[in-house]
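In this chain, residues are counted from 1 in sequence order. All values reported here derive from a predicted model rather than from experimental measurement.
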Amino acid sequence: RHFYTDRFVRCGIVALIILYFLIGTRSFEVIMCSRFGETIRMRGERDVVCFQGQHVVITLIALMFIVCHILGLPVALFVWFRKNKDKLVTDNRFMERYNFVYEQMRVGWHNFFLADFAILFGQVTAKALFASVPVMQNVIVSAAFAFKLACVIIFGPYTLQSDNWLQGL
């Protein structure tokens, strides 16, 4: 019984991580509005007038996804691992559920997965905020990758030195 419950938790977290980029970009696209003539309209759907009618409901839903999923998922994992720090390497049941997130890290570096979320967040915000400026998108995403590279080179958070080199590349 626990085997399937643990796998369900793992699959749920993996699904949330996979959907991170899609939900993030779509949520930001909903709230991104620009002035077109006399009205403010959605950038992606110029026939939709912003902050009127159904757009208000959709904007609230998008903001909920941004707060709960885009910001909430990394924060929730950080808090959960911090709260259960003793279980990270000692509790087999806890490890069955969650160690795929941190198992390659040295002890004490279990929250380094947040660097990957920083890259994803950089991609999401770059695509949403600078949809028509590809150079700026490249700058933001490159900065996020450079941040992770610098962290890997300086701190060497992975258990195996070869992983530090590979992640650094």
(message) Test side chain to side chain contact (heavy atoms under 4.5 Å, CB included) on Arg97 and Ile13; report intermediate values, then the result.
(response) CA-CA 9 Å; Arg97 286 185 174 187; Ile13 293 172; over 6 Å; no

(request) Flag the pair Asn84 / Leu88 as yes when at least one side-chain heavy-atom distance between them is below 4.5 Å, and no otherwise. (result) no

(request) Determine the interplanar angle of the Phe51 and His55 rings, folded into 0 to 90°, and report it as parallel if under 30°, tilted if 30 to 60°, perpendicular if over 60°. (result) perpendicular

(message) I'd like to know if the side chain of Gln137 reaches the main chain of Phe130, judged simply by a donor and an acceptor atom lying under 3.5 Å from each other, with no hydrogens or angles considered.
(response) yes

(message) Counting only heavy atoms not in Gln161 (residues, nucleotides, ligands), do more than 12 fall under 6.0 Å from its CD?
(response) yes

(message) Looking at every non-hydrogen atom in both residues, tell me the closest pair between Ala144 and Ala118 and how far apart they are.
(response) CB-O, 4.0 Å

(message) Centre-to-centre under 6.0 Å for Tyr98 and Phe94, is that the case here?
(response) yes

(request) Could you tell me which residues satisfy salt bridge (charged side-chain N to carboxylate O under 4.0 Å, His left out) with Arg7, sequence neighbours excluded, listed by chain and number? (result) Glu96

(request) Report the distance from atom OG1 of Thr5 to atom CZ of Arg10, rounding to the nearest 0.5 Å. (result) 13.5 Å

(request) Treating Ile, Leu, Val, Met, Phe, Trp and Tyr as nodes and any side-chain heavy-atom pair under 4.5 angstrom as an edge, say whether Val67 and Leu60 lie in one connected cluster. (result) no

(request) Taking the side chain as every heavy atom from C-beta outward, state whether Glu29 and Lys127 have any atom pair closer than 4.5 Å. (result) yes

(message) Walk me through whether Ile119 and Phe147 qualify under side chain to side chain contact (heavy atoms under 4.5 Å, CB included).
(response) CA-CA 9 Å; Ile119 292 171; Phe147 165 74; over 6 Å; no

(request) May I ask you to test the Gln52-Val56 pair for a side-chain heavy-atom distance under 4.5 Å? (result) no

(request) Check Tyr158 against Asn164 and note the closest heavy-atom contact, atom names and distance. (result) N-OD1, 3.0 Å

(request) Please check if the distance between the ring centroids of Phe117 and Tyr20 is under 6.0 Å. (result) yes

(message) Quick check for you: to the nearest 0.5 Å, what is the distance between Leu120 atom CG and Thr25 atom OG1?
(response) 11.0 Å

(request) Measure the CD1-CG distance between Ile140 and Leu129 for me, rounded to the nearest 0.5 Å. (result) 6.5 Å

(message) Restricting to non-hydrogen atoms, name the atom on Pro157 and the atom on Cys151 that form the minimum distance, rounded to 0.1 Å.
(response) CD-O, 4.2 Å

(request) Could you pull out the closest heavy-atom pair between Arg106 and Gly156, with the gap in Å? (result) NE-O, 2.7 Å

(request) Please report the closest heavy-atom contact between Val30 and Met42, naming both atoms and the distance. (result) O-CG, 3.8 Å

(request) Examine Leu149 and Leu160 and state if one hydrophobic cluster contains both, with Ile, Leu, Val, Met, Phe, Trp and Tyr joined whenever side-chain heavy atoms are less than 4.5 Å apart. (result) no

(request) Provide the closest heavy-atom pair for Met95 versus Thr90 in the form atom of the first, atom of the second, distance. (result) SD-N, 3.9 Å

(message) Quick one, Thr59 with Met64, criterion side chain to side chain contact (heavy atoms under 4.5 Å, CB included). Give me CA distance, side-chain angles, the key distance, then yes/no.
(response) CA-CA 8 Å; Thr59 299; Met64 181 194 69; over 6 Å; no

(message) Hydrogens and angles aside, do Ser34 and Arg43 bring a side-chain donor and acceptor to less than 3.5 Å of each other?
(response) yes

(request) Not counting sequence neighbours, which residues clear side-chain contact (heavy atoms from CB on, under 4.5 Å) with Phe65? List them please. (result) Ile23, Ser27, Ile61

(request) Flag yes if more than 12 heavy atoms outside Phe8 fall under 6.0 Å of its CZ atom; otherwise flag no. (result) no

(request) Evaluate the side-chain proximity of Asp116 to Lys148: yes if any heavy-atom separation is below 4.5 Å, no if none is. (result) yes

(message) Strictly distance-based, threshold 3.5 Å: is any side-chain N or O of Thr125 a donor or acceptor partner for the main-chain N or O of Gly122?
(response) yes

(message) Same cluster or not: Phe145 versus Ile17, using hydrophobic residues (I, L, V, M, F, W, Y) connected whenever any side-chain heavy atoms lie under 4.5 Å apart?
(response) no

(message) Can you confirm whether Arg93 is buried at CZ, in the sense that more than 12 heavy atoms of other residues, nucleotides or ligands lie under 6.0 Å from that atom?
(response) yes

(request) Answer with yes or no whether the hydrophobic clustering places Leu16 together with Val14; edges join I, L, V, M, F, W, Y residues whose side-chain heavy atoms lie under 4.5 Å apart. (result) yes

(message) In this structure, is the centre-to-centre distance between the rings of Phe81 and Phe113 below 6.0 Å?
(response) yes

(message) Quick one, Ile31 with Ile66, criterion side chain to side chain contact (heavy atoms under 4.5 Å, CB included). Give me CA distance, side-chain angles, the key distance, then yes/no.
(response) CA-CA 10 Å; Ile31 62 173; Ile66 290 169; 3.8 Å; yes

(message) Under a 4.0 Å threshold between the charged nitrogen and the carboxylate oxygen, would Arg41 count as salt-bridged to Asp47?
(response) no

(message) Do Val152 and Phe112 have side chains that approach each other closer than 4.5 Å (heavy atoms only, starting at C-beta)?
(response) yes

(request) Write out all pairs satisfying disulfide bond (SG atoms under 2.5 Å apart) with one or both partners inside residues 34-117, taking only residues at least two apart or from two chains. (result) Cys33-Cys50

(message) Is there a path of hydrophobic side-chain contacts, each under 4.5 Å between heavy atoms of I/L/V/M/F/W/Y residues, joining Phe100 to Phe78?
(response) yes

(request) Count the heavy atoms of every other residue, nucleotide or ligand shown that sit under 6.0 Å from CZ of Phe36, and state whether that count exceeds 12. (result) yes

(request) For the residue pair Lys85 and His110, establish whether any side-chain heavy-atom pair is separated by less than 4.5 Å. (result) yes

(message) Are the side chains of Met105 and Thr159 in contact, using a 4.5 Å heavy-atom criterion?
(response) no

